[in-house]
Amino acid sequence: MPDHVPLCVVIAGPPGAGKGTQCEHIVTEFGLVHLSTGDIIRAAIKSGSPLGQEFQSYTNVGKLVPDALVVKLVKDAISKSVKCRTKGWLLDGFPRTATQANMMPKLGLHTDVFLQLDVPDDLLEERICNRRTDPVTGTIYNLVFQPPPQDPVVRARLVQRMDDTKEALRTRLDEFHANMNAVKKSFSDVTTKIDGTASVADVKRNTLAACADTYERKLADHELPNWLESIGHAAAGGAAGVAAMALIYPIDTMKTRLQLEQPALPPGLSGLSMVTAMYAGLPLGLLETGTVHGTSFLAYEFIKGLWIRTKLGRNLKPGEEAPTPPFVVHTVLGCIASFFTQTMTLPLKICLVRVQGGKASGLSDAATQVLKESGVAGFFAGLTSNLFMMINPAITFIVYERMIKLFVAKRRESLSRPPSPPASPTLATTPTNSLSQTPFDDDLDVPSTGLDQLISGFISKAIATAVTFPVQKTQAMVQGSAEFAGSQIQALQSLVRDGGGVLALWRGLGPKLFQAALQQSLIFRFKVPWAKVLLDAIRSDRQQKRRNIPSAG
């Protein structure tokens, strides 16, 4: 089984149906993690985790444990297991209530196949009530189906478990049927019934076949065409860029005005007029940033595809997992994609600078000004500096990658240490672990969290912005005015000569640093989970359509 598409199985069956045996077969065949709620609860209590403490706070006083807490415990156990996330899981004895079953998908526990072992109650009675155990050897016999040897000594010492009586079995079967009736509706579209009265070999074969067929379908649904995955990443990147710009647009306007050596806030304005001025050109800003980040991710996916084809010497085969570029290659590809995108969207950026600087009322006005002043070439003012600006994403990627690995190493270290015993029981719950991955922690045992990504994105972009700010500032100056005839050298000389020396090159750094760092951190935070949501929705739609196709029979 590939490690990037986990198989998620729930198995249910009455006592005596052979559920434990089938679980062993599934684990052996598919490498899934076999989870039982009893084991999970005991491990959580023993570890002293907040969820384990909360569970114990109910059991200590004899209160019924809420379904929500049980589901959170299961979710927490799966989230912390690398094998669960890569190979998959097999849930046995869970869920037991309709509430638990309904909560599973809300917490990201999506079941691929629900295996229902069917055995009539009267046959179960024969299997269980005739069951006897040899206390010396531990061998389990059945007086009807697998009788013990005729040795009178062996037969004399056989014992019957207390819960193998007819009365105890009836209680257990009533409980099972009640649980089954409560949860089966939630899994109706993924249920496969297994005839538990068939031969041992047939039950095993049918169980494994149900899992294998489900996994083949999931793999087919998961492996989207490369072009569709690329568009999904580009759409998520563009949407993340638009969302980030919408949140910080006034800061972006202040940054532009300061780069143009203007006051951060338009003088003589207040109230609604000031708000209107700070949001001037918002639609153009959203268009520009959405285009920049959308095409940047699309260009990266395209260039990465070329790298993969070059590395393999061929195209990827259907279902084949693409190799991950090493970090250095990833950084170089990102810089090339950034240069291509920044160059392609330069006309939009130039128009936005003029609108934010108060020199144009909108896109058409700004475009008309540029054409009158410099012709078509004016739309590419500052183009050469884009080559130097490739250092900006390089610094961002390098610092971001280092910080993410540092955060993850610290978390792994803390998880490996035994927890200190709490001073007193607490009812506080812990948030569910984030499963969102970045391009840099796919090989790590512990995933980075959203907060890790926000902090790392902010600091990495702040450092990159501080290093490259003079180039960005002079680029904005030649883009916002024809005064320097498109020459950043003239703009730089003017700043140093008339603006107060070399330090003038970094004047206005504060708002630009905050704007760029905040915007980048938000994009890092939004893009990965949004891409996952979008692509998972496409996969889910493909899977649903497949289920709705009538079988040939």
Side-chain angles (χ1 to χ4, degrees), residues 1-40 43 74 77-78 81-96 101 104 109-121 123-124 126-128 130-131 133 137-142 144-146 161 163-164 169 172-173 176 179-180 183-184 187-222 319:
M1 277 179 61
D3 282 348
H4 63 297
V5 186
L7 178 63
C8 305
V9 181
V10 173
I11 188 168
K19 187 156 51 73
T21 301
Q22 300 313 312
C23 286
E24 292 177 3
H25 295 324
I26 294 170
V27 169
T28 301
E29 182 73 16
F30 297 98
L32 309 186
V33 179
H34 184 195
L35 299 170
S36 71
T37 49
D39 292 339
I40 291 172
V74 174
I78 291 175
S81 168
V82 177
K83 195 173 180 181
C84 279
R85 298 197 306 270
T86 55
K87 288 292 187 181
W89 40 260
L90 169 61
L91 284 175
D92 174 11
F94 176 88
R96 291 179 178 271
M104 286 178 64
L109 299 177
H110 298 284
T111 303
D112 296 318
V113 60
F114 182 85
L115 299 175
Q116 180 179 338
L117 290 174
D118 276 347
V119 181
D121 287 1
L123 181 56
L124 291 171
E126 278 192 277
R127 288 183 179 181
I128 291 180
N130 288 306
R131 193 159 55 185
T133 303
T137 63
T139 306
I140 299 176
Y141 301 101
N142 186 285
V144 176
F145 304 109
Q146 190 181 357
R161 284 173 43 182
D163 56 354
D164 281 353
L169 175 62
R172 293 164 65 193
L173 286 175
F176 166 75
N179 293 339
M180 194 67 189
V183 304
K184 65 181 182 181
F187 300 100
S188 58
D189 59 339
V190 293
T191 295
T192 297
K193 292 185 178 182
I194 307 294
D195 181 6
T197 65
S199 67
V200 173
D202 284 345
V203 174
K204 175 184 177 180
R205 182 174 59 253
N206 294 337
T207 299
L208 296 182
C211 293
D213 290 346
T214 298
Y215 186 73
E216 287 179 8
R217 290 195 299 269
K218 183 174 184 179
L219 192 60
D221 294 333
H222 190 277

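The model shown is predicted, which means the values in this text are computed figures rather than measured ones. All residue numbers refer to positions in the sequence shown, counting from 1.
- For Cys84, the side-chain contact (heavy atoms from CB on, under 4.5 Å) partners are Val33, Leu35, Ile78, Ser81, Trp89, not counting sequence neighbours.
- Judged as a side-chain contact (heavy atoms from CB on, under 4.5 Å), and not counting sequence neighbours, the contacts of Ser199 are Ala201, Asp202.
- With a 4.5 Å cut-off on side-chain heavy atoms, Leu208 and Phe30 count as touching.
- Taking 4.5 Å as the limit, every side-chain heavy atom of Asp121 sits out of range of all side-chain heavy atoms of Pro14.
- Proximity of Gln22 to Ile194: side-chain heavy atoms (C-beta onward) are nowhere separated by under 4.5 Å.
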Checklist entry - Given the rule in the side chain to side chain contact (heavy atoms under 4.5 Å, CB included) test, do Cys23 and Leu90 qualify, once you have shown the distances and angles that lead to the verdict? => result CA-CA 8 Å; Cys23 286; Leu90 169 61; 3.8 Å; yes
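- Listed by chain and residue number, Gln116 satisfy the side-chain hydrogen bond (donor to acceptor under 3.5 Å, both in side chains) test with Asp118 (two or more places apart in sequence, or in another chain).
- Using a 4.5 Å heavy-atom threshold, the side chains of His25 and Thr207 count as separate.
- For the side-chain contact (heavy atoms from CB on, under 4.5 Å) test, residues two or more places apart in sequence or in another chain that qualify with Glu126 are Leu123, Asn130, Val144, Phe145.
- Phe187 is linked by a ring pair (Phe, Tyr, Trp, His ring centres under 6.0 Å) to Phe114, counting only residues two or more places apart in sequence or in another chain.
- Between Pro15 and Leu169, some side-chain heavy-atom pair lies under the 4.5 Å cut-off.
- Under the 4.5 Å side-chain criterion, counting only non-hydrogen atoms from C-beta, Ile26 is in contact with Leu32.
- Residues Thr192 and Asp213 are not in side-chain contact: their nearest non-hydrogen atoms beyond the backbone lie 4.5 Å or more apart.
- Every side-chain hydrogen bond (donor to acceptor under 3.5 Å, both in side chains) that Asp92 has, sequence neighbours left out, goes to Lys19, His34.
- Heavy atoms only, all atoms of each residue included: Val10 and Pro95 are closest at CG1-CD, 4.1 Å.
- With sequence neighbours left out, Arg131 forms a side-chain hydrogen bond (donor to acceptor under 3.5 Å, both in side chains) with Asp164.
- Asp112 contributes no side-chain N or O that, together with a main-chain N or O of Val9, makes up a donor-acceptor pair within less than 3.5 Å.
- Summarising the geometry of Asp195 relative to Thr197, their closest heavy-atom pair is OD1-OG1, 2.5 Å, with the distance given to 0.1 Å.
- For the pair Thr214/Arg217, a side-chain contact is recorded, criterion being any heavy-atom separation below 4.5 Å from C-beta on.
- Applying the side-chain hydrogen bond (donor to acceptor under 3.5 Å, both in side chains) rule to Thr137 yields the partners Asp134, Thr139; only residues at least two apart in sequence or on another chain are considered.
- Judged by distance alone, the side chain of Lys218 and the main-chain N or O of Pro6 form a donor-acceptor pair under 3.5 Å.
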